[in-house]
Amino acid sequence: MKSLAFLSIIIAAAFVFECAAGARETGTAGDTLHLKQTHYFLGDLDVKASKNGVRIQSLGSWKFVLVSHAPEWTVTVFRKDDKSYFSEPFKQFSETGLVSQLLVGKKTEAKGAVAKPTNMKVGNERVMRAMNPFCLGEYVDGKNLVAPQVIAILYSSTRMPNYGGIALRWMQKKDGRDWMTGLKDSSMHVMLSTTSVDIEPGTPGLYDVPTGYKRAKDMREILLSKESRASSADADDLFEMGK
């Protein structure tokens, strides 16, 4: 059980994100859940979500913004530098996600692990933790904070195990050998982390799509800037949707 002991040390040393502070702990329809997260492929993300909609903004090199809101829940991804956007139905996005599974594959949940409550809370909801010797997941149910469509969109974007709720952290053991030295590498790899959590008042227009933008031919045009598309045809091919 050395792996489990090592994982426990990682848990103790890992981040502790901020609980939703103050008196706003109800998660009413007008409240907005605000997460700052880091994804192993998508980078730093600023996530705002509620019963009415969701907004995921890339704070790193991708520079995309994803929005969707009730009642249709059409998913639109746009970028401000190119002033372009692409929209697709909720059902289609739920099946294809942001990028090909070749780039961001679905992760397997911690099999055989019983989820247990932690001492952390998001609003009135207790953060749950599931772990085994090979991986660790933390999540919050989230159903009294956001709409079911929001949970589905967040999962389709990050593909991190969420146990039917909102994923806050995912770590998994990485086994292999360094190809140069031949030394064995056995460590925990952080795939998703959350650095802060808050519950804020809703903001008008938060989930709206900017006007005057040009529609792109597909999602990969939005995820890759003009410069990236021009410099690398291979990168463009990698973002084939549904593959």
Side-chain angles (χ1 to χ4, degrees), residues 15 17-39 42-59 64-78 87-98 104 106-107 109 115 117-118 120-130 137-170 191-209:
F15 74 89
F17 55 75
E18 300 173 2
C19 295
R24 302 187 60 82
E25 293 188 340
T26 57
T28 61
D31 288 332
T32 299
L33 174 65
H34 186 190
L35 305 174
K36 290 186 178 180
Q37 299 186 310
T38 299
H39 186 272
L42 298 173
D44 292 336
L45 302 173
D46 187 81
V47 179
K48 295 185 178 182
S50 68
K51 293 283 189 181
N52 302 317
V54 59
R55 178 186 179 95
I56 305 173
Q57 181 172 358
S58 165
L59 301 179
F64 67 84
V65 180
L66 179 153
V67 291
S68 181
H69 62 80
E72 293 86 1
W73 293 102
T74 299
V75 177
T76 298
V77 182
F78 64 89
S87 298
E88 61 187 26
F90 168 78
K91 184 177 185 298
Q92 182 179 345
F93 184 82
S94 297
E95 295 171 351
T96 60
L98 270 174
V104 179
K106 296 178 180 179
K107 308 305 177 195
E109 294 183 351
T118 69
M120 297 175 287
K121 294 180 71 176
V122 175
N124 289 329
E125 297 187 10
R126 188 74 64 177
V127 174
M128 304 296 291
R129 176 181 294 147
E138 288 176 345
Y139 67 95
V140 65
D141 183 75
K143 293 180 178 61
N144 72 337
L145 295 169
V146 304
Q149 292 88 344
V150 169
I151 293 176
I153 290 170
L154 291 175
Y155 175 75
S156 297
S157 300
T158 65
R159 295 197 178 112
M160 295 290 106
N162 64 359
Y163 298 85
I166 300 172
L168 298 174
R169 178 158 58 139
W170 180 252
M191 314 289 286
L192 177 72
S193 62
T194 300
T195 55
S196 70
V197 181
D198 200 1
I199 295 180
E200 307 169 346
T203 304
L206 181 62
Y207 313 119
D208 290 347
V209 180

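The first residue in the sequence is number 1, and the count goes up from there.
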Seminar exercise, completed: Applying side-chain hydrogen bond (donor to acceptor under 3.5 Å, both in side chains) to His39 and not counting sequence neighbours gives none
Exercise. Any side-chain heavy atom of Val54 within less than 4.5 Å of one from Ile56?
Worked result: yes
Exercise. Do you know which of Gln37, Arg169, Glu138 makes side chain to side chain donor-acceptor pair (under 3.5 Å) with Thr194?
Worked result: Gln37
Exercise. Can you name the side-chain hydrogen bond (donor to acceptor under 3.5 Å, both in side chains) partners of Lys91, sequence neighbours left out?
Worked result: Glu95
Exercise. Passes side-chain contact (heavy atoms from CB on, under 4.5 Å), Thr32 versus Thr203? Steps please.
Worked result: CA-CA 8 Å; Thr32 299; Thr203 304; 5.7 Å; no
Exercise. Roughly how far, to the nearest 0.5 Å, is CG of Asp31 from OG of Ser50?
Worked result: 8.5 Å
For this session: Could you check Val140 against Val197 for side-chain contact (heavy atoms from CB on, under 4.5 Å), going step by step and ending with a plain yes or no?
Result: CA-CA 11 Å; Val140 65; Val197 181; over 6 Å; no
For this session: Would you confirm whether Thr195, through its side chain, and Lys36, through its main-chain N or O, come within 3.5 Å as a donor-acceptor pair?
Result: yes
Problem set entry | Residue list, side-chain hydrogen bond (donor to acceptor under 3.5 Å, both in side chains) with Asp44, at least two apart or on another chain | Thr38
For this session: Flag the pair Val146 / Ile166 as yes when at least one side-chain heavy-atom distance between them is below 4.5 Å, and no otherwise.
Result: yes
Problem set entry | salt bridge (charged side-chain N to carboxylate O under 4.0 Å, His left out) contacts in which one or both residues fall within residues 141-154, not counting sequence neighbours | Asp141-Lys143
For residues 155-163, which side-chain N or O atoms pair as donor and acceptor with protein atoms under 3.5 Å away, sequence neighbours left out?
unit_1: Ser156; atom_1: OG; unit_2: Ser94; atom_2: O; d: 3.3
unit_1: Ser156; atom_1: OG; unit_2: Ala152; atom_2: O; d: 3.0
unit_1: Ser157; atom_1: OG; unit_2: Ile153; atom_2: O; d: 2.8
unit_1: Thr158; atom_1: OG1; unit_2: Leu154; atom_2: O; d: 3.1
unit_1: Arg159; atom_1: NH1; unit_2: Val99; atom_2: O; d: 3.0
unit_1: Arg159; atom_1: NH1; unit_2: Val104; atom_2: O; d: 2.6
unit_1: Arg159; atom_1: NH2; unit_2: Thr96; atom_2: O; d: 2.6
unit_1: Arg159; atom_1: NH2; unit_2: Val99; atom_2: O; d: 3.0
unit_1: Asn162; atom_1: OD1; unit_2: Gly164; atom_2: N; d: 3.1
unit_1: Asn162; atom_1: ND2; unit_2: Gly165; atom_2: O; d: 3.0
unit_1: Tyr163; atom_1: OH; unit_2: Ala110; atom_2: N; d: 2.9

Exercise. Can you list the residues that meet the side chain to side chain contact (heavy atoms under 4.5 Å, CB included) rule with Pro117, with sequence neighbours excluded?
Worked result: Arg126, Met128
Problem set entry | Side chain to side chain, Val47 and Gln57, heavy atoms closer than 4.5 Å | no
Please set out all donor-acceptor pairs under 3.5 angstrom arising from side-chain atoms of residues 64-77, sequence neighbours excluded.
unit_1: Ser68; atom_1: OG; unit_2: Trp73; atom_2: O; d: 3.1
unit_1: Ser68; atom_1: OG; unit_2: Thr74; atom_2: O; d: 3.1
unit_1: Thr76; atom_1: OG1; unit_2: Ser87; atom_2: OG; d: 2.6

Problem set entry | Sequence-distant partners of Lys48, side-chain hydrogen bond (donor to acceptor under 3.5 Å, both in side chains), two or more places apart | none
Exercise. Are any of the side-chain heavy atoms of Ile199 and Leu145 separated by less than 4.5 Å?
Worked result: yes
Exercise. Shortest non-hydrogen contact from Tyr207 to Ala49?
Worked result: OH-C, 3.8 Å
For this session: Could you walk me through whether Leu168 and Leu35 pass the side-chain contact (heavy atoms from CB on, under 4.5 Å) test, one step at a time?
Result: CA-CA 9 Å; Leu168 298 174; Leu35 305 174; 4.2 Å; yes
Exercise. Between atom OH of Tyr139 and atom CD1 of Ile151, what is the distance when rounded to the nearest 0.5 Å?
Worked result: 11.5 Å
